[in-house]
Amino acid sequence: MGTFKGIEDAPSTELPPQHGVEDNGAGRGEVIDPVSGVKRGLHTRHLSMMALAGIIGPGLLIGSGGALSSGGPASLIIGFGVIGIIAFSIMQSLGELTTLYPSGGAFIKLADRMVDKAFGVAVGWNYFIIWIAVLANEYNTLSSIFVFWSDKVPLWGYFLIFWFVFLGFQLLGVQAFGEAEFWLALLKLAGLTAYFIFAIVYAAGGLKGQQHALGFQYWHNPGAFAGHGFRGVATVFVFCSTFYAGCESVAIAATETRNPKVAVPRATRQVFWRIIFVYMGSAFFFGLTCPANAPGLVGGASRALKSPMTIAIQNAGWEGGVNLINAFILATCLSATNSSIYIGSRTILFMAQDGKAPRFLGRTDARGVPVYAIIFTNLFGALSMMNVSTGASKAYGYIISLSGVSTFLVWGSISFIHIRFRRAWAKQGRNVQDLPFISMGYPVIAYFGLAANIFLALVQGWTTLSPFDAGNFVDAYILLPLFPIIYFAYKFFFRTRFQRLLEIDLDTGRRKDVDLSESDEGGDSAQGGDFESLGGKHKVPFWKRFLQNF
């Protein structure tokens, strides 16, 4: 899953300042990034948990119900599997780029340098659209859960309460965000594990009072594809792309990480376990325990959103389990909302600092908190109020359609940026072995990521063509032309130039870690196989290398 050299034995990529590499004072313990103004307050464990479980929320727990209904259990597994392979390829590209350049703006800024500033503008705004769409969905779900529990407060009242709560928490700073995400991520993993155990017992017929084993009954009736065939598989791709959106967020958070050379490669590797355990595990057990034709999976009029977990527990005979699952969804939604505001605000912050957004959004206070960017991002949570007239499920569907195509466009751009970087690295006579993290399977995996995302961006809405549905067609494709419109409009007005390989700057943006060794976090300085120490060379035991991947 990529090659990473231990900090002690890796070929040095830290050139003297006169060669263009930015020390930024990190070797002296500086914690405010002098370029972006944000605080380097995230530890390795924070970024690791963000990669593993940070953005798990209603998209997975509730949105998978719509995917299951549209395609059946087999489509769910195929969709999660295919998009998982694509996400893995994207994370390999990001791991190589972000470990070398943990600078503000991540792949958005690298798009300027490796391709064209107009390309960076298009990537940045499409990425911001993804996160305001996700944020609106989180507020939609939060408000719907509380209306389900008590409708004495109107929907907009719950929204306003949560809006101010999350705004206040985000203004506490990145360390509060990181610590909250760490513990909420652990809670989410524990909750999913508990459900997987329940699903195994339920399928085996081990529940008290259960008459017979469930087995793979729902794979036979209503069927593996629930009568939808490949059409259902294609529909599921859009849902799955939104569920996976966020695995690339470790690149955005790298600027606020104390040890990016340690944290980013570890987070990159952990996305593999996220794909296997979280997504593939959920796809399998949701399809095993919940029928694809369950009435609760669809129906826009209901504000009490239901997930496959809820329906499975009800079918198992525990009506009170609805509140338990809603409580679990609430916890995951708190985390996902928190992450959405964080990623969205940092995206617009770095864009503003590069002149891609209004300049005032690029300011930070003395504590490194981007106050204006946070407020601006959080304002888009009001999109969730379309729930009032359409119902929670339909509102969710509309916003999913808007964000799905943007995810494919951004992911494809990351692969293209990586290809341009590698070509420039070779053209300028540099050695691949000098990279602190080497992506697995280049160039095949990078070209695969580019081609797969372009293909999915073009075909993800084809099911709206037959029979033709004008409204759904617009929902599916309205953002597809936005990328080239932004690109060519910016290029025309500002006359930007496509970068030549020999002219690409490969040095600016590299910095030293704040902590050269984080022994308190499990020996992060020894991520490789062998490493130098005061006593000579030592081989890291297998059990330690295994645990370092978690």
Side-chain angles (χ1 to χ4, degrees), residues 1-2 51 55 59-60 67 70-71 74-98 107-108 110-111 114-115 119 122-123 126-127 129-130 230-251 268-269 271-272 274-276 278-280 283 400-423 439-465 476-477 479-484 487:
M1 286 175 283
I55 200 63
L60 176 66
S70 300
S75 295
L76 202 60
I77 290 179
I78 293 171
F80 273 116
V82 171
I83 303 299
I85 293 171
I86 297 173
F88 180 77
S89 74
I90 300 307
M91 287 307 299
Q92 287 295 308
S93 294
L94 268 184
E96 185 171 294
L97 291 168
T98 310
F107 53 86
I108 299 170
L110 288 176
M114 305 298 167
V115 187
F119 187 74
V123 171
N126 269 268
Y127 194 59
I129 286 171
I130 293 172
F230 181 75
R231 185 185 186 91
V233 177
T235 304
V236 168
F237 281 143
V238 181
F239 284 96
C240 292
S241 66
T242 308
F243 304 157
Y244 275 102
C247 62
E248 75 293 319
S249 62
V250 296
T268 299
R269 287 194 301 270
V271 168
F272 174 79
R274 175 175 174 172
I275 293 169
I276 296 297
V278 176
Y279 293 112
M280 296 305 294
I400 282 287
S401 297
L402 290 176
S403 60
V405 67
S406 289
T407 301
F408 293 132
L409 292 173
V410 170
W411 281 6
S413 299
I414 291 171
S415 295
F416 184 58
I417 293 165
H418 184 213
I419 292 168
R420 291 282 298 172
F421 161 73
R422 274 297 194 98
R423 291 184 62 191
S439 69
M440 184 185 74
Y442 183 87
V444 174
I445 202 166
Y447 280 98
F448 165 75
L450 176 61
N453 281 293
I454 291 175
F455 174 76
L456 289 174
L458 293 174
V459 306
Q460 49 86 30
W462 75 275
T463 55
T464 65
L465 300 177
Y477 285 108
L479 290 184
L480 187 59
L482 182 65
F483 193 100
Y487 176 77

* Given Leu482 and Ile129, is the side-chain contact (heavy atoms from CB on, under 4.5 Å) satisfied, shown in steps? -> CA-CA 11 Å; Leu482 182 65; Ile129 286 171; 3.4 Å; yes
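- Considering CE of Met91 and OG1 of Thr98, their distance stands at 7.5 Å, rounded to 0.5 Å.
- With rounding to the nearest 0.5 angstrom, the OG atom of Ser93 is 10.5 Å from the CZ atom of Phe421.
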* Kindly determine whether Val410 and Asn453 satisfy side-chain contact (heavy atoms from CB on, under 4.5 Å), including the steps that lead there. => CA-CA 9 Å; Val410 170; Asn453 281 293; over 6 Å; no
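- Listed by chain and residue number, Phe119, Ile417 satisfy the side chain to side chain contact (heavy atoms under 4.5 Å, CB included) test with Ala111 (two or more places apart in sequence, or in another chain).
- Interatomic distance, OG of Ser415 versus CD1 of Ile86, reported as 9.0 Å (0.5 Å rounding).
- The two residues Ile445 and Ser89 come nearest to each other via the heavy atoms CG1-CB, 3.3 Å.
- The two residues Ser406 and Leu479 have their closest heavy-atom pair at OG-CD1, 3.5 Å.
- Residues forming a side chain to side chain contact (heavy atoms under 4.5 Å, CB included) with Ile78 (at least two apart in sequence, or on another chain): Val82, Phe225, Val233.
- Here the CG atom belonging to Leu450 is positioned 11.5 Å from the CD1 atom belonging to Ile414, to the nearest 0.5 angstrom.
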* To do: Could you check Ser413 against Phe483 for side-chain contact (heavy atoms from CB on, under 4.5 Å), going step by step and ending with a plain yes or no?
  => CA-CA 11 Å; Ser413 299; Phe483 193 100; 3.6 Å; yes
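- In this structure, Tyr244 contributes its side chain and Phe80 its backbone to a donor-acceptor pair below 3.5 Å.
- Evaluation of the salt bridge (charged side-chain N to carboxylate O under 4.0 Å, His left out) test over residues 85-97, restricted to residues two or more places apart or in two chains, returns Glu96-Arg422.
- Judged as a ring-ring contact (aromatic ring centres under 6.0 Å, His included), and not counting sequence neighbours, the contacts of Tyr442 are His418.
- Side-chain atoms of Arg420 do not come within 3.5 Å of backbone N or O of Val115 as any donor-acceptor pair.
- Residues passing the side chain to side chain contact (heavy atoms under 4.5 Å, CB included) test with Ile85, sequence neighbours excluded: Phe448.
- Note: Leu60 CG to Tyr279 OH = 6.5 Å, rounded to the nearest 0.5 Å.
- Atom CE in Met280 sits 9.5 Å away from atom CD1 in Ile275 (nearest 0.5 Å).
- Nearest approach of Ala283 to Leu76, heavy atoms of both residues: O-CD2, 3.7 Å.
- Within the 4.5 Å cutoff, the side chain of Leu97 has no heavy atoms near those of the Phe107 side chain.
- Remark: Phe408 pairs with no residue by the ring-ring contact (aromatic ring centres under 6.0 Å, His included) rule, at least two apart or across chains.
- The side chain to side chain contact (heavy atoms under 4.5 Å, CB included) with Trp411 is formed by just one residue from the set Ile83, Leu456, Leu94; it is Ile83.
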